[in-house]
Amino acid sequence: MLLLEAGRHDRPKPGEVLPAVANGLLRQLGVWTPFAEAGFVENRALVSVWANEVPSERHGMFSAQGAGWQLDRTRFDRLMVQAAKAAGVDTRFGSAVGSAVRDDQGWLLKLADEAIIARAVVWATGRS
């Protein structure tokens, strides 16, 4: 397996909120213990204003999964990459995929300095 990361995790990223439902996913991935030990701040309530001027409130006590977490995104990304490496995944930083084209052998991924053929691709770019 190969993990290509366009960035290098050397610049701060905006923080994010990880909902409590991610608890089960972190456990399935086998990263719950390092996540819990990382000391991310629990988020017991979230107040946001998006579509109008009236704040929307969500409280963890009304969720079956409990509280979520406030993430230091750079630290969280590093934790996830460390877990991938520990599971035997080859990781490459500064390797942005320029294009992905389906061909007879799978997917042709063109990077700046090489091309890779992959049987399957998970394109998890997030938001810019």
Side-chain angles (χ1 to χ4, degrees):
M1 257 204 225
L2 175 63
L3 170 67
L4 300 171
E5 170 67 52
R8 297 187 184 278
H9 298 189
D10 56 351
R11 291 190 287 184
K13 294 180 183 178
E16 294 184 29
V17 175
L18 187 65
V21 71
N23 182 326
L25 298 172
L26 294 170
R27 289 178 190 277
Q28 286 177 7
L29 291 171
V31 297
W32 172 251
T33 299
F35 177 82
E37 291 171 352
F40 293 105
V41 176
E42 268 195 6
N43 183 9
R44 297 175 187 258
L46 180 64
V47 178
S48 61
V49 178
W50 290 101
N52 57 44
E53 294 181 17
V54 178
S56 169
E57 296 184 22
R58 292 189 314 194
H59 296 273
M61 65 186 275
F62 298 119
S63 168
Q65 290 88 18
W69 300 271
Q70 296 176 24
L71 296 183
D72 169 337
R73 186 55 196 255
T74 301
R75 193 162 50 106
F76 178 73
D77 288 351
R78 284 184 188 140
L79 182 143
M80 296 302 287
V81 169
Q82 288 171 354
K85 284 182 180 180
V89 175
D90 180 14
T91 58
R92 298 186 196 174
F93 292 94
S95 296
V97 176
S99 66
V101 179
R102 185 103 166 115
D103 71 7
D104 295 337
Q105 298 175 5
W107 289 91
L108 175 62
L109 306 177
K110 291 190 180 179
L111 295 96
D113 57 349
E114 70 177 307
I116 297 171
I117 296 178
R119 288 187 313 224
V121 174
V122 176
W123 196 286
T125 59
R127 291 181 266 182
S128 299

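None of the values given here were measured: they were computed from a predicted structure.
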Check: What residues, two or more places apart in sequence or in another chain, satisfy salt bridge (Lys or Arg N to Asp or Glu O under 4.0 Å) together with Glu42?
Finding: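 Only Arg44 meet the salt bridge (Lys or Arg N to Asp or Glu O under 4.0 Å) criterion with Glu42.
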Next item on the list: Can you sort out the partners of Pro55 under side chain to side chain contact (heavy atoms under 4.5 Å, CB included), two or more places apart, ordered by chain and number?
Entry: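 Scan of Pro55 (side chain to side chain contact (heavy atoms under 4.5 Å, CB included), adjacent residues dropped) gives Val47, Val49.
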Next item on the list: Kindly write out the residues that satisfy side chain to side chain contact (heavy atoms under 4.5 Å, CB included) with Ala100, not counting sequence neighbours, or none if the list is empty.
Entry: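 Side chain to side chain contact (heavy atoms under 4.5 Å, CB included) check on Ala100 returns Trp107, Leu109, Trp123.
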Next item on the list: Could you tell me which non-hydrogen atom of Ala118 sits nearest to which non-hydrogen atom of Val121, and how far apart they are?
Entry: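 Looks like CB-CG2, 4.1 Å.
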Next item on the list: Identify the two heavy atoms, one from Ala67 and one from Ala20, that lie closest to each other, and give their separation to 0.1 Å.
Entry: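 That would be O-CB, 3.1 Å.
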Checklist line | Summary of side-chain hydrogen bond (donor to acceptor under 3.5 Å, both in side chains) pairs that have at least one residue in residues 30-41, sequence neighbours excluded | finding: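 Qualifying pairs: none.
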Check: Measuring from Ile116:CD1 to Leu4:CG, what's the distance to the nearest 0.5 Å?
Finding: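 One finds 5.0 Å between CD1 of Ile116 and CG of Leu4.
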Could you tabulate the donor-acceptor pairs under 3.5 Å formed by side-chain atoms of residues 74-86, not counting sequence neighbours?
| from | atom 1 | to | atom 2 | distance (Å) |
| --- | --- | --- | --- | --- |
| Thr74 | OG1 | Arg11 | O | 3.2 |
| Thr74 | OG1 | Lys13 | N | 3.3 |
| Arg75 | NH1 | Ala38 | O | 2.6 |
| Asp77 | OD1 | Arg73 | NE | 2.7 |
| Asp77 | OD1 | Arg73 | NH2 | 3.4 |
| Asp77 | OD2 | Lys13 | NZ | 2.5 |
| Asp77 | OD2 | Arg73 | NE | 3.4 |
| Arg78 | NE | His9 | O | 3.4 |
| Arg78 | NH2 | His9 | O | 2.6 |

Note to self: Once salt bridge (Lys or Arg N to Asp or Glu O under 4.0 Å) is applied, what residue pairs with a partner in residues 23-36 remain, sequence neighbours excluded?
What the structure shows: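 Qualifying pairs: none.
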Item checked: Within residues 102-120 or reaching into it, pairs that qualify as salt bridge (Lys or Arg N to Asp or Glu O under 4.0 Å) - sequence neighbours excluded ->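 Of all non-adjacent pairs touching residues 102-120, those that pass salt bridge (Lys or Arg N to Asp or Glu O under 4.0 Å) are Arg92-Glu114.
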Let me check something: do [X] and [Y] share a hydrophobic cluster, defined by ILVMFWY side-chain heavy atoms less than 4.5 Å apart, either directly or through other members?
X	Y	answer
Ile117	Leu3	no
Met1	Phe93	yes
Val31	Val17	no
Leu25	Phe35	no

